[in-house]
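Notes follow the structure.
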Amino acid sequence: MKMTGAQMICESLVKEGVEVIFGILGGAILPLYDALPQYPQLRHILVRHEQGAAHAADGYARATGKVGVCFATSGPGATNLVTGIANAHLDSSPMVAVTGQVARPFIGKDAFQEVDITGITLPITKHNYLVMDAASIPETMKEAFYLAGTGRPGPVLIDLPRDVQQEQAEFNYPDRTNLPQYKPTLQGHPAQIKKAAKLINEAQRPLIIAGRGIIISGAYAELKELVEKAQVPVVTTLLGTSCFPESHALSYGMIGMHGMAYANLAVDAADLIIALGMRFDDRATAKVSGFAPHAHIIHIDIDPAEIGKNVHVDMPIVGDAKLVLKELNKLVDKTKHIDWVRKLDEWRKDHPSLIIRGGQSLLPQYVVRQIYEVTNGEAIIVTGVGQHQMWAAQHYWYDKPNTFISSGGLGTMGFGLPAAIGAKVGCPDSTVWCIDGDGSFQMTIQELATIAQEKVAVKIAILRNSYLGMVRQWQELFYGKRYVATPLSSPDFVKIAEAYGLPGLRVKRREEVAPAIQKAMAEPGPFLIDFIVEPEENVYPMVPPGAALAEVLEEPRKGAKAVKDSAKLPVSNI
Amino acid sequence: MATTKHILVALVKDKPGVLNRMASLFRRRGFNIESIAVGQSEVPNMSRMTFVVNGAATMVEQVRKQLDKVVETVKVSDITGDNVVARELAFIKVKANSANRSEIIQIVDIFRANIVDVAPDSVIIEATGDEEKINSLLNLVRGFGIKEIARTGRIAMTRGGKGPLPVQKKPPRTLAKKQKRPTK
Ligand SMILES: Cc1cc2nc3c(=O)[nH]c(=O)nc-3n(C[C@H](O)[C@H](O)[C@H](O)COP(=O)(O)OP(=O)(O)OC[C@H]3O[C@@H](n4cnc5c(N)ncnc54)[C@H](O)[C@@H]3O)c2cc1C
Ligand SMILES: Cc1ncc(C[n+]2csc(CCOP(=O)(O)OP(=O)(O)O)c2C)c(N)n1
Ligand SMILES: [Mg+2]
């Protein structure tokens with residue numbers, strides 16, 4: 001059937017099962033928008049800034065596991081997407097971004113609103129396309145969705161000159177891609193899996209570090225089976241949070257710079273690390289030369305380029321976490337590691353990383369804990385970037401799979417609100433809380449208008465500490481308490497919400513916290529709470545920059561000193 | 001970290017932007033590419049690229065894996081330690097007159113190079129060989145006055161039967177369609 005390029009894009013989106021598009025239009029993408037009304041099954045959500053479109057598509061993708069879609073016009077529309085695309089790229093989030101481009105005769109002439117967006121996004125996309133004729137749209141769209149969603153997921157950008165959107169061509173949607181050279185390895189190598197099982201069966205102090213790859217591959221049940229069958233304790237990365245029930249007896253929380261002291265000590269003492277779908281980011285490993293000094297490392301990851309990139313790996317298995325674990329589970333013995341687990345429990349008791357001080361002041365950790373209590377731990381939590389992000393990860397117990405959505409790799413302030421919109425649109429039946437910082441929130445605050453216009457029932461908790469708190473913490477600890485450019489004044493967020501037509505509350509005292517959260521939950525629509533929290537609260541535990549995981553600092557008010565020196569650890573008799 | 005010279009060969013789909021994608025993976029790590037040579041391979045619509053770079057072995061291996069991930073890439077191999085034949089081609093335009101032309105020809109003969117153009121005031125020498133050979137030739141003719149140099153950069157192939165890159169039995173589907181059937 002003959003149709004215009006614009007119609008072909010829409011037809012392809014329908015064929016790919018797309019339900020929602022986040023975007024903002026402009027001249028160069030107007031033909032595509034003009035075709036949208038012919039496809040009522042495609043919901044378009046108008047955002048207020050293209051960064052919000054990309055983050056919303058990203059949040060949607062993370063919450064649903066489906067490919068998120070965003071549209072932007074040429075030039076400034078496309079460049080505004082860049083941060084959101086980079087964010088999706090670093091956290092392996094599947095996304096297709098469609099940008100308008102100037103008409104073909106104008107390309108390369110510095111035409112009005114022309115930028116080389118395929119050039120700009122080359123290092124931050126899994127792949128990108130400049131489509132130079134309408135006839136190639138079906139194949140391009142098929143490939144784009146396939147590449148975005150398979151293997152190690154990531155963002156794909158399609159740049160569409162305006163006249164290509166208007167050009168007529170035959171539409172035949174291919175049922176398969178023609179990418180013989182692109183073959184992600186899914187099944188792990190049987191011999192490697194066998195050797196890995198042997199290592200696991202022989203280990204005295206095995207430890208699983210589970211990452212976002214578990215969530216991407218949906219390997220929750222397989223991970224649980226391995227943990228329970230071989231009785232291996234589990235820690236996670238920040239982005240692995242919610243890949244394993246945190247109230248499980250063998251769950252020991254997050255590792256890394258702001259991980260639990262006992263989790264970091266476990267890494268330090270383990271004799272075998274089983275790394276599952278995690279990429280040894282420097283925030284997770286701390287000083288690499290001091291990482292897991294006594295352990296052999298098994299690394300299971302879908303991306304061969306991650307193997308051996310940051311740490312030396314003894315037993316690499318390239319493949320999909322779910323498929324590899326299925327095979328591995330058949331070969332591991334039913335065992336117990338009683339002494340090892342007892343040791344970890346002791347550390348957990350001796351180094352309680354999650355105690356909230358009593359007293360009157362409204363602590364941000366307390367707010368997070370109350371959100372946990374009131375939501376029964378069943379909400380999807382989406383965060384900004386900073387201290388509040390760490391507290392949201394630490395003080396909420398994630399028992400339901402895939403309920404923690406956060407910008408890890410790029411650490412993008414402003415991710416929270418638009419990503420929460422995407423998550424709520426993708427999972428309308430779940431409660432979605434955006435736990436944001438006063439700084440982060442103001443980077444994409446305009447998306448409150450999107451929430452109002454589209455009636456997206458996101459609940460927003462702002463932990464207002466009147467600082468760019470995470471950076472202030474660094475200034476306090478490492479820059480002689482010189483608070484340069486971190487004090488932050490903010491408007492009255494409740495009035496702001498009101499101006500956007502949203503209800504809100506301001507909370508200053510502990511006893512008001514739970515009732516306010518309950519009120520927000522009782523409200524069918526969106527709700528904002530401005531929590532005025534202790535300004536100079538710090539995130540602990542903390543591994544200082546340049547230190548190893550075992551040199552973790554605990555809350556100084558309880559006596560700040562390194563918990564354990566790895567050299568002094570009685571490893572042999574654990 | 002100690003850097004060494006590496007030769008990487010790649011088989012890639014011949015699409016716009018591929019060279020850019022590959023080169024940018026070196027650029028972002030601050031690698032200086034000593035030479036790149038790109039040309040058709042034995043498979044229609046597939047190019048072969050040869051990169052010569054200086055870098056730490058672990059870093060080069062990381063780049064190789066990243067190059068392998070570029071969607072158009074079929075395969076990338078580091079053939080540095082292999083038994084390879086490696087050559088580059090150079091054109092050297094040297095000032096020449098009737099008085100010294102025969103002297104230049106003598107040098108060219110020693111290097112088994114060729115004179116491919118003779119003008120009243122210059123000659124063009126065509127030389128093939130490894131970089132050392134071409135550098136020595138350059139040194140010898142420098143005294144006459146060099147007007148222009150063009151060098152291709154190295155291409156390389158492993159000796160003997162099986163190469164480092166997979167042999168493509170048949171070209172991919174759509175690419176095959178584009179090829180016309182031979183008419184008898
Ligand atoms: C302020 C701040 C503080 C932070 N502090 C910490 C901290 O204390 N601790 C911490 O851990 N992080 C911390 N981070 C986050 C950190 O920067 C990284 O984003 C995070 O560690 C990455 O986690 P990951 O490796 O599990 O996930 P990703 O970076 O998403 O990597 C996922 C991995 O899984 C693989 N994969 C994908 N799909 C599959 C599949 N199907 N099967 C198998 N493998 C697959 C991918 O190839 C990749 O290697 C912090 C971030 C910020 C902004
Ligand atoms: C876009 C962007 N700019 C700057 C930073 C550096 N940065 C990291 S955390 C932080 C402070 C965040 O402040 P806020 O959102 O108020 O959170 P808090 O740490 O106070 O909880 C800053 C400026 C960043 N991560 N992202
Ligand atoms: Mg703040």
Side-chain angles (χ1 to χ4, degrees), chain A residues 89 92 107-108 116-133 135-136 138-140 142-144 146-148 150-152 154 156-157 159 172 174-185 279 288 301-313 316 318, chain B residues 1 8 10-31 41 43-49 56-78 165-179:
Chain A
H89 184 63
S92 306
I107 289 181
D116 171 15
I117 196 63
T118 47
I120 290 172
T121 58
L122 190 117
I124 53 164
T125 47
K126 184 163 170 184
H127 198 55
N128 64 24
Y129 300 87
L130 170 61
V131 180
M132 289 301 270
D133 57 90
S136 59
E139 193 181 358
T140 306
K142 183 80 200 172
E143 283 186 17
Y146 182 64
L147 290 171
T150 58
R152 178 175 183 171
V156 175
L157 179 135
D159 200 22
N172 282 313
D175 43 45
R176 291 200 295 130
T177 53
N178 174 34
L179 295 164
Q181 75 287 2
Y182 170 82
K183 300 185 280 282
T185 307
R279 61 182 175 88
V288 172
D301 202 290
I302 203 161
D303 182 356
E306 287 300 337
I307 307 286
K309 186 178 82 176
N310 296 335
V311 303
H312 173 78
V313 169
V318 175
Chain B
M1 225 181 280
L8 302 181
L11 190 64
V12 300
K13 249 186 173 176
D14 185 9
K15 287 256 178 119
V18 184
L19 180 58
N20 197 189
R21 280 176 209 284
M22 306 291 272
S24 87
L25 288 166
F26 289 100
R27 176 196 48 76
R28 71 176 283 200
R29 292 172 175 82
F31 274 53
S41 70
V43 190
N45 301 307
M46 291 274 182
S47 306
R48 178 169 172 133
M49 298 182 175
T58 49
M59 208 40 161
V60 173
E61 176 57 9
Q62 178 56 212
V63 182
R64 189 196 64 74
K65 285 177 172 176
Q66 298 291 350
L67 292 168
D68 231 358
K69 272 169 62 174
V70 170
V71 168
E72 289 99 346
T73 299
V74 177
K75 176 141 186 171
V76 185
S77 280
D78 187 339
L165 301 174
V167 178
Q168 298 278 301
K169 292 221 179 61
K170 56 176 184 212
R173 194 156 42 91
T174 51
L175 300 178
K177 253 195 313 204
K178 282 189 194 144
Q179 288 172 318

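Quick caveat, the model's predicted, so the values are computed rather than measured. We name chains A, B, ... by the order of the sequence lines, and we start the count at 1 in each one.
Without hydrogens or angle criteria, A/Q181 side chain to B/K75 main chain gives no donor-acceptor distance under 3.5 Å. B/K69 places no side-chain N or O within 3.5 Å of a backbone atom of A/D303 that could act as its donor or acceptor partner.
Heavy-atom minimum distance, A/A305 versus B/Q66: CB-NE2, 3.8 Å. Nearest approach of A/N178 to B/K13, heavy atoms of both residues: O-NZ, 3.4 Å. The shortest heavy-atom contact between A/I307 and B/K65 is O-NZ, 2.8 Å.
Residue B/E61 does not touch chain A at all, counting heavy-atom pairs closer than 4.5 Å. At a 4.5 Å heavy-atom cutoff, the contact between B/S24 and chain A is made by side-chain atoms alone.
To the nearest 0.5 angstrom, A/K309 atom NZ is 10.5 Å from B/M59 atom CE.
Dense packing is recorded around CZ of B/R29, with more than 12 heavy atoms of other residues, nucleotides or ligands lying under 6.0 Å away.
A 4.5 Å side-chain heavy-atom check between B/R21 and A/N128 finds at least one atom pair inside the cut-off.
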